[in-house]
There are 2 protein chains.
Amino acid sequence: MVTPERLRAFFAPRSFALIGASDRSAFSRLVYGNLTAAGHADATHLVNRRSPEVHGRPAHRTCAAIGRPVDLAFVMVPAAAAPDAVRDAAAAGARGVLVLSSGYAETGAEGRRRQEELAGLAEELGVVLMGPNVLGFVNVAAGVPAMALADPPSGPGDVALISQSGASCGAMKDFAALAGVGLSHVITVGNEAMVTVGHLVDYLVDDPATKAIAVFMEAVRDPEVFAAAARRAARAGKALVILKAGRSALAARAAASHTGALVGDDRVIDAVFERLGVIRVDTIEDMLVTAGVAAHTGPLDRPGAGIVSISGGACDIIADLADGAGAHLPELAEGTVRRLAEVLPAYGAAHNPLDITGAAIMNPEIWRKAVAAVGDDPSVGVVVAVNSLPWREDDGPFYGQRFVDAIGAGMAESRAPALYLTQVTQPVGRRARAVLDAGGVAHAVPGLRLGVEAIARLARWSAHRAEDETALREHAAPAPRVALPEGDAFSEVDARALLEAAGIPVVPARHVRSAEEAGRAAAEFGGPVAMKIVSPDIAHKSDLGCVRLGVTAAEAAAVHDEIVAAAQSPAAKGARLDGVLVSPMRAEAPELLVGVTRDPDWGLLLAVALGGVLVEVLDDAVLSPLPVTPARARAMLTGLRGAAVLRGFRGAPAADLDRLAEVVAAVGRLAAALGPDLESLEINPLWVCGSRIEALDALVVRRTPHT
Amino acid sequence: MVTPERLRAFFAPRSFALIGASDRSAFSRLVYGNLTAAGHADATHLVNRRSPEVHGRPAHRTCAAIGRPVDLAFVMVPAAAAPDAVRDAAAAGARGVLVLSSGYAETGAEGRRRQEELAGLAEELGVVLMGPNVLGFVNVAAGVPAMALADPPSGPGDVALISQSGASCGAMKDFAALAGVGLSHVITVGNEAMVTVGHLVDYLVDDPATKAIAVFMEAVRDPEVFAAAARRAARAGKALVILKAGRSALAARAAASHTGALVGDDRVIDAVFERLGVIRVDTIEDMLVTAGVAAHTGPLDRPGAGIVSISGGACDIIADLADGAGAHLPELAEGTVRRLAEVLPAYGAAHNPLDITGAAIMNPEIWRKAVAAVGDDPSVGVVVAVNSLPWREDDGPFYGQRFVDAIGAGMAESRAPALYLTQVTQPVGRRARAVLDAGGVAHAVPGLRLGVEAIARLARWSAHRAEDETALREHAAPAPRVALPEGDAFSEVDARALLEAAGIPVVPARHVRSAEEAGRAAAEFGGPVAMKIVSPDIAHKSDLGCVRLGVTAAEAAAVHDEIVAAAQSPAAKGARLDGVLVSPMRAEAPELLVGVTRDPDWGLLLAVALGGVLVEVLDDAVLSPLPVTPARARAMLTGLRGAAVLRGFRGAPAADLDRLAEVVAAVGRLAAALGPDLESLEINPLWVCGSRIEALDALVVRRTPHT
């Protein structure tokens, strides 16, 4: 079992053994160099079966031969020798092993077997195993650069970085250094034979040095552990920002070609991440900048960003970027405008983004007062000062220090947390940091696009987190279990009964068993009717000619017999028949598809889509894991690209969204109550005519073993 | 008149006068400092009416007092004194003046008047005027830093940078330096009283040092000049990359508050830019990186990009980014795969993006061979090597030089042009440049997102440019002029006649003038009919109850009288009536809206949208300036978000896209033939049932004077 306690010990070793240390191994040279540079020379022991000397120091034949306890062992020997190395390390007291060697699951079935054996052995010995196929970690605050990457970070920060890719981890930590994002940990996870990303997130939620977590991953290896850890991170207000590759089919193929990972339907990942409070990004830059901002500000109290800039051009670009990213730039309140009117030259208009104009060059006080006023605006959750910073380390004196000083003073006065944003992506290096420190500015972000998009993500996450807490608490009580009827398949009559019992409105229907009954039922409904075969064996009734729409009372008896005959045709393959369902036709109105399906990793997911033309033309569906509260159902409905059809369209009444959201939520509750027995449940269409909402057709499928 | 010849002289001055030079003016200090640092101290003359000494040198009272000819004058005096300064400069032989002072059109109507007077004066004196409200320019190749910005670029490059914003121009040139994008010119244009962006593009198309042009603008001040220059740039294969602010309503407001610019409908700008072969971007970084890539590769012969990387993680991220950006990563040809099989370790799969795996660390030759093989692939228009570069100037020796050398060697062997791409956005500074030079690598791009998106834009532009050349040549002959009928307004009967004469199919119709004729017409059509009032005065017939659909032959006579009565109701305000139009009803099938409207800046634009539910739900329209060839019409149709309805949907026949594109192009030709008389022309709906295509309704509006 991987517990946070065991990981805490794992990440705070005081002594090290490099098993398979060798002058020819780049891994060995890098790890040894990093540990000795960090002051661990005396506590770092080199183990080599053949060479008595490695890296200019005496080497031991085994860990046992060191004669002193070892906390952490690096295993750099070939796969065949790894089990012995792990046993040797454990015997010397190691609580953790890092298996740097490759040749495991990434190479195929045989490697996967070796990997499972190695993990089993570590488990048995009570040793935490990271990897295999891993480059190690840096615990920055503890001063432990246990990593085979050059130039490990040393100045402590508050963002933890986890990467499934070792090769790309170097670029990630380099960009963090370049962008001024301080790191608390850098951890590569390799094949995750024992310790997975979820375990690490769980550990980091409790790590006092870590305020946000950035992850690069190609696959979620242990969804259950991951989900629980992600929820804890969201509750703790520590943003979990994930670059999850595999959006495109091409990336899925690329990933499959270099890892053993299964890449699922990307929309499921989007839906699950949103529910878990994970912020998803598409680039390394966005990942680190977003995590850096989140670590600095924490969750925002208000979604609005207030922008203060000396460049009109920057204001324009920001307004466009905010529009594209969904960042909210609220109009300034009257009080704020009044405060600004005392500061700004007459021709400066007090809008957001706020252009303080070149007047601030003569009078830096404008910066201070504008940042403070905008930061105090009641709609502003974060205030952003857009200004330049020196980016060359070898520049002469920085003429703009007085502006940075004024901005820092304004930030100190502001109620809302504050960011300093440069107009283009540039290094925030030693000199820039000195300029910021002198001005009392805590956090800078390089570049308008990176900054605006990070703020948009953070605001959405902050709002969503709060909503979710409240709504999910209300729906925390698990639904009482509902049993599926006996048998392996269900007719529409069975499905209707389940829906009705769950309070989901269904269109009236008569279940008839003769032409005569059919005629009578149609006459009673008093208008054209829909007629369908009832059978547990026929899922696609229309394809067999077993559905007829707009049937008049006079035609109903004959149509009954036609439907039954169609259901007895060879194409129906001897399906069991149970009469015919007769329902009134409904007027033209928006139709939805509401369904629940089971994902192998993430369990039951509810999908809402517009029916008819729109679903097929737009592929317009919104997914969510269960539970789905009415508030979330409403957000799903309004999130449809074609949501306009629900707002009263071409004379049709506007959908009663509250009622509709309740019905959608009830579908989710029914699915949850059916629990592990359920494979899928689909209402198609759900007819929505103002507040009249009815399921016109439904299909329920039992989960079969091994699915 | 601003001509390229006059601009050539303007940008190559040999002597300078700073009128209003002063120790207290930051402008004056910066311009003087830049010119003297560039070796122009002796040719730079200071003019001040009151101080005999400025910047520690003797100053002259006027340009005339200098006693030597002046090529370029900087006007830094208040607006009231500017005309005298311009006269003084002209008298001293100046061919150009840069008016740095503000207080012109950006301040309102009075300033606008002053600006027009100043431009008129310069015109009269035969002097080229840049600005007012401008920071000047740098002609890098000529060594002329005539600019009030610190740290002007000095190492010549091949990208020209033009900015409407002076304040942001500093950040732009800094990012260019940081990203390793060499500049040929930096030009700020200010209020564009005489010289506009279009004039500058026109000049730069002929500038041998310039291979691509990057522009930041908030508004296009002289659409005609701009359009002609943009077309020339596209024909010359010099990419014109524009960051045009104002996509969002908020940006439009922000721009309006700090410039005098009118910000039009952004979709018009998108359509016009696309037609003119302008590459539009949203950030300064994208602008400069895209221009830098375009300057290096020129137009691509093939749209595909071939990616070679040592990091599987980078391959995944690139695949996702390419998918999002629409970059084409073609599968590798069989021959390429065979070449790669000889190079790659057994477990490396030869896909694109190509992961050459860590094996290349031991054997850099893999880099060379892989880059060359992918660069020779028949689908690859540009080959990209993804690898790291040192970004700190003070680092120790770069361990990766041998990889860069191998990559450079592969690039030299490749048929396709090549780019070096770093995994994250980082400076490409002096040290990185030295590493690249040593390896023979010409151009590097910092960061996966910037690189992939630049390639996607460039590939689209390259393909579009080629298509356009051919298709537009075919349609170059201007349409013979068609006159609108007399009168200020037109009935549907008039509009139908115009369409029919232009070869656009319209639904059959009988124009009837009595109930009896209506009944007869309906009977002859032999099915339900549509009936509409004919009137030059009623544009929205349905709103008045003057359209009736699905009328049977038996009802037609009575419906005729009802329609006429409705058209005589007070709501119709005495509209002139001219009978009723009777047409057969058409089966349900996709319907389009095809219309031409007039934009005040850009003239006639053709719009295509899906009719019915989709246009209203999705706001799904595609625009194009005229002329619209059938090929372009086809691209517009398939570019609709809801284009799936045209591909045969729910049993409806697939639209005959060739025929449909011809009809759409014919609408454009008719509009062009109607020329300046036309305000708008709209077919709504155009019924599309397989290859049966008919205009079911049409409206033509004459242009009234002063619109």
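To find a chain, count down the sequence lines: A is the first, B the second, and so on, and within it residues start at 1. When reading the values below, keep in mind they use all heavy atoms of this one structure, side chains included, and skip hydrogens, waters and symmetry mates.
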* Asked: So, do A/D323 and A/L321 sit near enough that their side-chain heavy atoms are less than 4.5 Å apart?
  -> no
* Ion pair B/D282/A/R449, N-O distance below 4.0 Å -> no
* Asked: Do NZ/NE/NH1/NH2 and the carboxylate oxygens of A/D270 and A/K244 come within less than 4.0 Å?
  -> no
* Structure fact -> chain A shares the most heavy-atom pairs under 4.5 Å, among B/S163, B/G108, B/A150, B/P427, with B/P427
* **chain B contact via A/F216 - which portion, at a heavy-atom distance below 4.5 Å** => side chain
* To do: Check whether A/A177 gets within reach of chain B through its side chain, its backbone, both or neither, counting any heavy atom under 4.5 Å.
  => both
* Of the backbone (N, CA, C, O) and the side chain (C-beta and beyond), which part of B/D174 lies under 4.5 Å from a heavy atom of chain A, both, or neither? -> both
* Asked: Is A/S309 close to A/D355 at the side-chain level, that is, under 4.5 Å between some pair of heavy atoms?
  -> no
* Asked: Checking heavy atoms, do the side chain of A/Q426, its backbone, both or neither come under 4.5 Å from chain B?
  -> both
* Among B/I361, B/V424, B/L450, B/T422, which has the most heavy-atom pairs under 4.5 Å with chain A? -> B/V424
* Residue selection (most heavy-atom pairs with chain A, distance under 4.5 Å) from B/S165, B/A167, B/A171, B/G166 -> B/A171
* Side-chain contact test, heavy atoms from C-beta onward, threshold under 4.5 Å: evaluate it for A/E591 versus A/L610 and give yes or no. => no
